[in-house]
Q: 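My questions all concern the structure below.
As the structure is a computational prediction, the values presented were derived from the model and not from experiment. Here is the naming used below: chain letters follow the sequence lines, and residue numbers restart at 1 for every chain.
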There are 2 protein chains.
Amino acid sequence: MGRDATKQAEEPDQVPAPAPAKLAADPASGDIASGNQRPATIYDVAREAGVSHQTVTRVLKDYPSIRPHTRERVLEALERLDYRPNLTARSLTTGRSHRIGALTHELQQFGPSSVAQGAAAQARESGYLLDIVSLDMSDVAEIEQALDLLHQHDLAGVLALSSNDEMTEAFGRARFRVPAYIATEEDEPFSAHPSELTTVGFPALVNHLAELGHREFLHVAGPEAWMAARNRARAYTSALEARGLHSAGTIHGDWSARSGYEAIAGLGRDIPATAIVAANDQTALGVLRALHERGLKVPEDVSVTGVDDIPDAAYFTPPLTTLQVDFETQGRNAVQQLLSLMNHSTAPETTTLPSRLVVRRSTGPAARR
Amino acid sequence: MGRDATKQAEEPDQVPAPAPAKLAADPASGDIASGNQRPATIYDVAREAGVSHQTVTRVLKDYPSIRPHTRERVLEALERLDYRPNLTARSLTTGRSHRIGALTHELQQFGPSSVAQGAAAQARESGYLLDIVSLDMSDVAEIEQALDLLHQHDLAGVLALSSNDEMTEAFGRARFRVPAYIATEEDEPFSAHPSELTTVGFPALVNHLAELGHREFLHVAGPEAWMAARNRARAYTSALEARGLHSAGTIHGDWSARSGYEAIAGLGRDIPATAIVAANDQTALGVLRALHERGLKVPEDVSVTGVDDIPDAAYFTPPLTTLQVDFETQGRNAVQQLLSLMNHSTAPETTTLPSRLVVRRSTGPAARR
DNA sequence: TATCCTAATGTTACCGGCAACATTTGGGGC
DNA sequence: GCCCCAAATGTTGCCGGTAACATTAGGATA
């Protein structure tokens, strides 16, 4: 991989570290006004307000029976000392933390990182922090080791943001002491309802292609061990069947442009389809490249579609027709599901934006063969 | 460290519907074999071994003076009860946690997410967990709110993984109680050493273009508020100057393909350069698209280069000449720097792979104008 | 005004580890 | 065999909250 880097440091009040560069941290030394060295505890507040620490707790939790006068004083003390609860201490007694562990894979990819982004945002809004552990999902042992690590950290729940069979297996084996949830794009049996891609996306995509006259399709899928890949492949197939069309085949790739390229490069002299449906936009990019090198024009000779609608897709050559996927909402939903498990409440009806078909220039009338 | 892994792409999943996917909460049955309901504490272990809890602690920390016989028994008890330290409790007393807060932006972008990935991996290998907070960096108030949240969570340190001026400002204002470190690609004054891009990458890139006969260059940069964008722009300029060449201008974009497209689309009838140096590959993709729509051929009419070497770059039309950037190592280094700050040890000499020039087909001999 | 009862507030214990200090060993020197 | 001291191990207290239980205070009642 490449390289390059830079960095620079910064530093706190008390750390006499050797920091090379310097970033303003604490210009002055004697902080009188704001920062007291150690953060205030409920005991400090109690002393300040002239009450017991328990009363402070009660005020903090809006306990009903507290005399207005007392509450007033406590609130003032809280304000004056700029009290912030120590979440660590709280977790220790309550046994509940406010952190959610999230396992993910290949964070560089647009999908997973978008899901993570959404999950992190939702977690934050719900008062949680998301601990992200990115790992090599092909190694069950590594996944289990990661789960073990998460356990020690006393999390409120564990989330699997992107998942393949290994992850499912590791999750199945793990003996969680906290709620755990696997977010997946797969339909049954993992999800009560079929995914938007299955119900809306692929049918719309196939419809679009069929109306352009295409009758022969080829699918370049993701890795078989991935639930999302299987699901998309299945959605592809069933959408074709629903229209009485037939797939000329499915080639498994690994979501990358390279694998899309190789899938097409590996075909014989003739391409057995007029439309190539890639499982994601990256793969489609590789397909476009391979077709270009074969001297085939898109969409005049072959139509190509992707899934995801990554920002770059609109700038491919040609711009890619694809299915939008709302990753961010997926991430948010996953967190909400987990939170509902944690609260033993019924799972909220999550809604995802429908998987919309975005038609660009990579699809056109089927070529006469 | 860096496993190079050419990646196999991957991709997330979508949680379309509510459907409690799979969850494993403790079946709450009688776990006999492995999992005891509550995890064992040092007190449990002490009882099991017939010693005091403090002796257990000593064994755990390899305290010197412990009779072999005693140690033996404690070790056995630890094993038997499958003891795992409760990190929360430990943090409470020691005042040090094993979590690092990381602020980042636009996690969907390849650069930031790769940095995050590397940082997460390094953190894990060092026994830490990375708490990622992804936020809108343009809002100083939001950054400060996030920092506040992080503070409550009692972290061992705080890291800014991708940074612009707002982030710097917020960091400067924040009164950290723990070490904090800003990872950035910028050279002085933020980094002791100039970045690899400045010393190696851009000179090599400009050299390559100059040898192809290019004399007129255009730079499509990242957003001005981003340190990395400024740094790359500066590296570009100084590399040109070093060869006595001159830049025809710098247009600021926002790292996206769209901004690359608009930068070129917004130019007048003539493009004032034979080589366009984009600040990153995405921007370059947009540039390629815009040139294509103008009927200009790459590299026959104009040469285009990027920076980052994202996996897709090799499949652009045409495949992109670019500078490799080792984001993962950047992330790892940032964590190491932070850890050294935390330990009051001298900052480790971090090494990054040099920024290598990857020549593909988007650059060629300068067109006669 | 004495009595009760509940509202209001205070005290104690505990979560699980760690550290300071206290106490018990055991082996060498005499 | 006795003493002594360092080695080996034990006890106590504390980190900052929360919860259970205890106590006090004040108004209503008699």
Q: Considering all heavy atoms of both residues, which atom of A/Arg73 and which atom of A/Gly50 are nearest to each other, and what is their separation?
A: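 It is NH2-O, 3.6 Å.
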Q: For A/Arg71 and A/Asp62, which heavy atoms make the closest approach, and how far apart are they?
A: NH2-OD1, 3.9 Å
Q: Of B/Leu60 and A/Ala89, whose nearest nucleotide on DNA chain C comes first from the 5' end?
A: A/Ala89
Q: Establish whether the base of D/dG10 is bridged to the side chain of B/Arg58 by a donor-acceptor pair shorter than 3.5 Å.
A: yes
Q: Kindly say if B/Ser52 contacts the phosphate of D/dG10, meaning a side-chain N or O under 4.0 Å from OP1 or OP2.
A: yes
Q: B/Leu92 CG to D/dT18 P: how many Å, rounded?
A: 12 Å
Q: In terms of heavy-atom contacts, does CD of A/Glu79 have more than 12 from other residues, nucleotides or ligands at under 6.0 Å?
A: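 No, the 6.0 Å shell around CD holds no more than 12 heavy atoms from other groups.
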Q: If I take atom CD1 in residue A/Ile42 and atom P in nucleotide D/dT18, what distance separates them, rounded to the nearest angstrom?
A: 6 Å
Q: Does the side chain of A/Thr70 get closer than 4.0 angstrom to OP1 or OP2 of C/dT9 through an N or O atom?
A: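 Yes.
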Q: For C/dC18 and B/Arg90 - does any side-chain N or O of the residue sit under 4.0 Å from the phosphate oxygens OP1/OP2?
A: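 Yes.
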Q: Would you indicate, yes or no, if D/dT18 has its OP1 or OP2 atom less than 4.0 angstrom from a side-chain nitrogen or oxygen of A/Tyr43?
A: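 For D/dT18, neither OP1 nor OP2 has a side-chain N or O of A/Tyr43 closer than 4.0 Å.
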Q: Under 4.0 angstrom, heavy atoms only, what part of the nucleic acid is A/Arg84 near: base, sugar-phosphate, or nothing?
A: sugar-phosphate
Q: What pair of heavy atoms forms the shortest contact from A/Val74 to A/Val45, and how long is it?
A: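 What the structure gives for the nearest pair is O-CG1, 4.3 Å.
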Q: Are any of B/Thr55's side-chain N or O atoms less than 4.0 Å away from OP1 or OP2 of D/dG10?
A: yes
Q: CD1 of B/Ile66 versus P of C/dG26: gap in Å, rounded?
A: 16 Å
Q: Round to a whole Å and report the spacing from CG of B/Leu81 to P of C/dG16.
A: 14 Å
Q: Rounded to the nearest angstrom, tell me the gap between atom NE2 in B/His69 and atom C1' in D/dA7.
A: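 Taking atom C1' of D/dA7 as the reference, NE2 of B/His69 is at 16 Å.
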Q: Any donor-acceptor pair under 3.5 Å linking the side-chain atoms of B/Ser91 with those of B/Thr88?
A: no
Q: Consider the side chain of A/Gln54, meaning its heavy atoms from C-beta on, and name the nucleotide among C/dG17, C/dG10, D/dG10 that approaches it most closely.
A: C/dG10
Q: Calculate the interatomic distance between A/Arg96 atom CZ and D/dG16 atom C1'; express it in whole Å.
A: 19 Å
Q: Is the distance from OP1 or OP2 of C/dG17 to the nearest side-chain N or O of B/Lys61 less than 4.0 Å?
A: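 Negative; the distance criterion is not met.
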Q: Check whether the side chain of A/His53 and the base of C/dT9 form a donor-acceptor pair under 3.5 Å.
A: no
Q: Would one find a side-chain N or O of A/Thr93 under 4.0 angstrom from OP1 or OP2 of D/dT18?
A: no
Q: Starting at CG of B/Asn86 and ending at P of D/dG16, how long is that distance when rounded to a whole Å?
A: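 The distance from CG of B/Asn86 to P of D/dG16 comes to 17 Å, rounded to the nearest Å.
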Q: With respect to the phosphate group of D/dT9, does any side-chain polar atom (N or O) of B/Arg67 fall under 4.0 Å of OP1 or OP2?
A: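 Result: yes.
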Q: Using a cut-off of less than 4.0 Å, is there contact between a side-chain N or O of B/Tyr63 and OP1 or OP2 of C/dA19?
A: no
Q: Give the intermediate values and the outcome of side chain to side chain contact (heavy atoms under 4.5 Å, CB included) for residues A/Leu60 and A/Tyr83.
A: CA-CA 11 Å; A/Leu60 287 173; A/Tyr83 171 81; 3.7 Å; yes
